[in-house]
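Comments concern the structure below.
Quick caveat, the model's predicted, so the values are computed rather than measured.
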Amino acid sequence: MSKAVRYERFGGPEVLEVQEIPEPHAAPDEVRVRVTAAGLNPMDWQIAAKADTAARFGITLPAGFGTDFAGVVDEVGAEATGFAVGDRVHGGAIGRSVADFVLVKTPAADLWPTPEGVGDEVAATLPVAGLTASAALAAVGLKAGDTVLIGGAAGGVGVFAVQLAGLAGARVLGTASEGTFDFLRGLGAEPVAYGPGLADRVRDLAPEGITAATDLFGRETAETALKLDVAAERISVVADGPAPPPGVRKAGAYDAGPGSLERIVDAIRSGEITVPIAATFPVERIREAVTTQAERHVHGKIVITL
């Protein structure tokens with residue numbers, strides 16, 4: 001038997017259960033990954049909360065939980081390609097990652113080698129957040145010399161977006177609560193408080209204007225950027241959420257270009273990007289982990305260890 005987080009009805013953290021299930025084994029065209037860490041994303045508990053959200057991802061009850069994971073390949077099917085037993089890997093498996101084992105069909109589009117110098121807890125935070133950040137910035141054509149406003153800059157996607165924008169040569173303004181300002185400065189962003197009056201505060205911080213924006217939480221930043229005369233095609237929002245203002249671009253992890261995650265991993269190895277892990281929780285405390293992230297007071301990523 002093996003452990004997996006599952007739920008049999010939609011709802012809040014209370015529906016999540018650590019269950020004993022039969023140990024899965026790799027089919028001929030699959031590899032099995034022994035999971036050591038799983039990165040938590042808002043989309044994970046949003047899927048578990050509502051049937052219509054789950055349906056958009058093809059998930060029905062009863063269901064597993066989580067998307068991002070890292071671990072070690074410990075079984076390889078006779079026809080599987082690209083990986084060998086003992087390979088350290090990280091990847092994405094919607095509705096399946098918070099479990100002792102994840103099966104991945106090969107050839108695998110959502111499974112990557114984890115290089116030396118990158119720990120499993122860090123690797124487990126990368127696929128959804130890193131690719132979403134990369135796609136959100138690419139959607140606005142971010143370039144050196146831009147002044148970009150990033151909404152939700154201290155969140156799990158925001159910490160990647162801030163650093164990727166800085167590496168691209170942009171000046172980065174990030175919205176956050178005041179208690180997060182020092183944290184954002186450490187990532188290279190100039191913090192600005194969200195909420196009423198945001199446009200005025202951005203004008204004070206950047207009187208010459210902003211040239212691009214990406215909204216990683218809600219739609220306040222996108223609407224503010226339009227008020228500040230940023231062209232709609234230079235504003236992006238994450239794919240999940242309310243409809244964006246006309247002309248504003250939507251972006252998600254699957255919109256990221258080829259090689260995006262590999263470039264992020266290289267930047268982590270070289271020390272150009274750091275991955276702030278706000279907290280780690282053993283799998284038995286999965287409900288507490290989800291509650292902590294849903295309160296949106298954490299700075300960075302939350303990781304589940306198995």
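- Leu126 is listed as a side-chain neighbour of Leu261, based on a closest heavy-atom distance under 4.5 Å.
- Listed by first then second residue, pairs satisfying side chain to side chain donor-acceptor pair (under 3.5 Å) with a partner in residues 88-107 read Asp29-Lys105, Arg88-Asp120, His90-Thr114, not counting sequence neighbours.
- At a threshold of 4.5 Å between non-hydrogen side-chain atoms, the residues Lys3 and Glu284 count as touching.
- Asp215 places a side-chain N or O within donor-acceptor distance of the main-chain N or O of Ala222, the cut-off being under 3.5 Å.
- Listed for the Ser260 side chain is a donor-acceptor partner under 3.5 Å among the backbone atoms of Gly257.
- Residue Glu208 qualifies as enclosed at atom CD: its count of foreign heavy atoms under 6.0 Å is above 12.
- Remark: side-chain polar atoms of Arg249 are paired, donor with acceptor, to backbone N or O of Ala139 under 3.5 angstrom.
- Between Val76 and Asp87 the shortest side-chain heavy-atom distance does not fall below 4.5 Å.
- Note that OG1 of Thr211 and NZ of Lys143 are 6.0 Å apart. Values are rounded to the nearest 0.5 Å.
- One distance of note links CD1 of Ile264 with CG of Leu164; it measures 5.0 Å at 0.5 Å rounding.
- Judged purely by atom type and a 3.5 angstrom limit, Thr36 uses its side chain to pair as donor or acceptor with the backbone of Ala70.
- Residues Thr53 and Trp45 form no side-chain contact, since every pair of their non-hydrogen atoms from C-beta on lies 4.5 Å or further apart.
- Under the 4.5 Å side-chain criterion, counting only non-hydrogen atoms from C-beta, Phe10 is not in contact with Asp52.
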Side chain to side chain contact (heavy atoms under 4.5 Å, CB included) between Glu262 and Val265: does it pass, once the steps are laid out? CA-CA 5 Å; Glu262 291 87 343; Val265 170; 5.7 Å; no
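- Interatomic distance, CZ of Phe65 versus CZ of Arg6, reported as 13.0 Å (0.5 Å rounding).
- At a threshold of 4.5 Å between non-hydrogen side-chain atoms, the residues Arg287 and Glu17 count as touching.
- Formation of a donor-acceptor pair under 3.5 Å by the Arg32 side chain with backbone atoms of Pro24 is found in this model.
- Residues passing the side chain to side chain donor-acceptor pair (under 3.5 Å) test with Arg185, sequence neighbours excluded: Asp182.
- Hydrophobic clustering keeps Phe181 apart from Val172 (ILVMFWY residues linked when any side-chain heavy atoms are closer than 4.5 Å, directly or through intermediates).
- If you take CD on Glu272 and CD on Gln163, they are separated by 10.0 Å, rounding to the nearest 0.5 Å.
- Here CG of Leu40 is found 4.0 Å from CD of Gln293. Values are rounded to the nearest 0.5 Å.
- Note that the CD atom of Glu75 and the CD atom of Glu23 stand 7.0 Å from one another [nearest 0.5 Å].
- Within 6.0 Å of the CZ atom in Phe57, the count of heavy atoms belonging to other residues, nucleotides or ligands exceeds 12.
- For Glu30 (side chain) and Gly77 (main-chain N/O), no donor-acceptor pair under 3.5 Å exists by modelled atom type.
- Other residues, nucleotides and ligands place no more than 12 heavy atoms under 6.0 Å from the OH atom of Tyr194.
- Arg201 contributes a side-chain N or O that, together with a main-chain N or O of Ala193, makes up a donor-acceptor pair within less than 3.5 Å.
- Hydrophobic clustering, defined by side-chain heavy atoms of Ile, Leu, Val, Met, Phe, Trp and Tyr closer than 4.5 Å, groups Val202 together with Leu149, Leu173, Val192, Leu198, Leu205, Ile210, Leu226, Leu228, Val230, Ile235, Val237, Val248.
- Contact annotation: the side chain of Val275 approaches that of Phe160 to within less than 4.5 Å [non-hydrogen atoms, C-beta and beyond].
- The backbone N or O of Leu61 sits nowhere less than 3.5 Å from a side-chain atom of Arg9 that would complete a donor-acceptor pair.
- Using modelled atom types, no side-chain atom of Thr221 and backbone atom of Ile150 make a donor-acceptor pair closer than 3.5 Å.
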